[in-house]
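Lettering of chains follows the sequences in order, A, B, ..., and the numbering in each one begins at 1. Bear in mind the structure is a predicted one, so any value in this text is a computation, not a measurement.
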Amino acid sequence: ILNVEQSPQSLHVQEGDSTNFTCSFPSSNFYALHWYRWETAKSPEALFVMTLNGDEKKKGRISATLNTKEGYSYLYIKGSQPEDSATYLCASHTGGFKTIFGAGTRLFVKA
Amino acid sequence: GAVVSQHPSWVICKSGTSVKIECRSLDFQATTMFWYRQFPKQSLMLMATSNEGSKATYEQGVEKDKFLINHASLTLSTLTVTSAHPEDSSFYICSARDRRKPNTEAFFGQGTRLTVV
């Protein structure tokens with residue numbers, strides 16, 4: 001994989017549903033994987049920075065896992081709320097300190 | 001958290017004119033700032049890496065004479081779109097890392113929506 005790929009591109013869920021999405025990234029020259037949350041008309045906000053294979057991080061109802069050997073990360077949201085509606089970006093930070101972004105997963109949570 | 005301020009948030013300009021976008025780190029110093037461009041429904045694409053006190057590093061396919069970057073201080077980087085054309089209409093966003101914490105997340109500005117008419 002040469003680019004950072006995210007799936008699905010968009011996702012519609014009902015309030016209370018749990019959901020997850022995927023980020024695939026180049027496993028060579030890996031340094032760190034970043035997850036950002038980007039609400040409309042606001043700046044992207046960092047959720048997690050993950051560096052070690054097997055890392056799991058959690059912030060409230062949102063958690064993420066990392067597999068650097070196979071080059072993927074999952075973001076989980078438990079009990080989605082309307083305020084979780086946003087675009088979730090992942091970005092791979094390589095050894096050259098270059099950050100490559102995925103296209104994002106746009107999450108819509110319906111009340 | 002750290003704040004990056006980007007101005008203007010939107011601008012409309014006539015074809016052939018130049019537009020300057022500012023990216024300012026408000027409560028930290030950034031040796032390096034990054035400029036991205038996003039077309040509708042596409043990824044944030046890195047255009048260039050702005051280095052304080054030296055020339056910017058441009059990504060392949062980005063014209064350095066078209067997109068002038070100046071990083072004159074540890075808290076300010078500017079992107080000037082010269083002789084803008086309608087195809088330059090896009091969303092431009094900057095990010096910066098705290099130079100004391102180079103391996104942490106980047107902080108983003110609010111972005112600038114440029115429309116060239």
Examine [X] and [Y] and state if one hydrophobic cluster contains both, with Ile, Leu, Val, Met, Phe, Trp and Tyr joined whenever side-chain heavy atoms are less than 4.5 Å apart.
X     : Y     : value
A:W35 : A:L66 : yes
B:Y36 : A:L89 : yes
A:I77 : A:Y74 : no

Can you list, pair by pair, the side-chain donor-acceptor contacts under 3.5 Å of residues 107-115 of chain B, counting residues two or more places apart and other chains?
{"unit_1": "B:Q110", "atom_1": "OE1", "unit_2": "B:Q6", "atom_2": "N", "d": "2.8"}
{"unit_1": "B:T112", "atom_1": "OG1", "unit_2": "B:Q6", "atom_2": "NE2", "d": "3.0"}
{"unit_1": "B:T112", "atom_1": "OG1", "unit_2": "B:P8", "atom_2": "O", "d": "2.5"}

Let me know if A:F48 has heavy atoms under 4.5 Å from chain B in its side chain, its backbone, both or neither.
-> neither
Selection from A:A103, A:A46, A:P44 maximising heavy-atom pairs under 4.5 Å formed with chain B | A:P44
Contact leader toward chain B among A:S43, A:G104, A:A91, A:G102, where contacts are heavy-atom pairs under 4.5 Å | A:S43
Can you establish whether the number of heavy atoms outside [X] located under 6.0 Å from its atom [atom1] is more than 12?
X      : atom1 : result
A:Q9   : CD    : no
B:K66  : NZ    : yes
A:R106 : CZ    : no

Within residues 74-82 of chain B, contacts to chain A at heavy-atom distances under 4.5 Å involve none
Quick one: name the residues clustered hydrophobically with B:L68, using the 4.5 Å side-chain heavy-atom rule over I, L, V, M, F, W, Y, and just say none if it's on its own.
-> none
Check whether any side-chain heavy atom of B:L44 sits under 4.5 Å from a side-chain heavy atom of A:W38, and report yes or no.
-> yes
Heavy-atom contact with chain A under 4.5 Å, split by part of B:F39 | neither
Contacting moiety of B:L46, where chain A heavy atoms sit under 4.5 Å = side chain
Please, which pairs that meet disulfide bond (SG atoms under 2.5 Å apart) have at least one residue in residues 6-69 of chain B, sequence neighbours excluded?
-> B:C23-B:C94
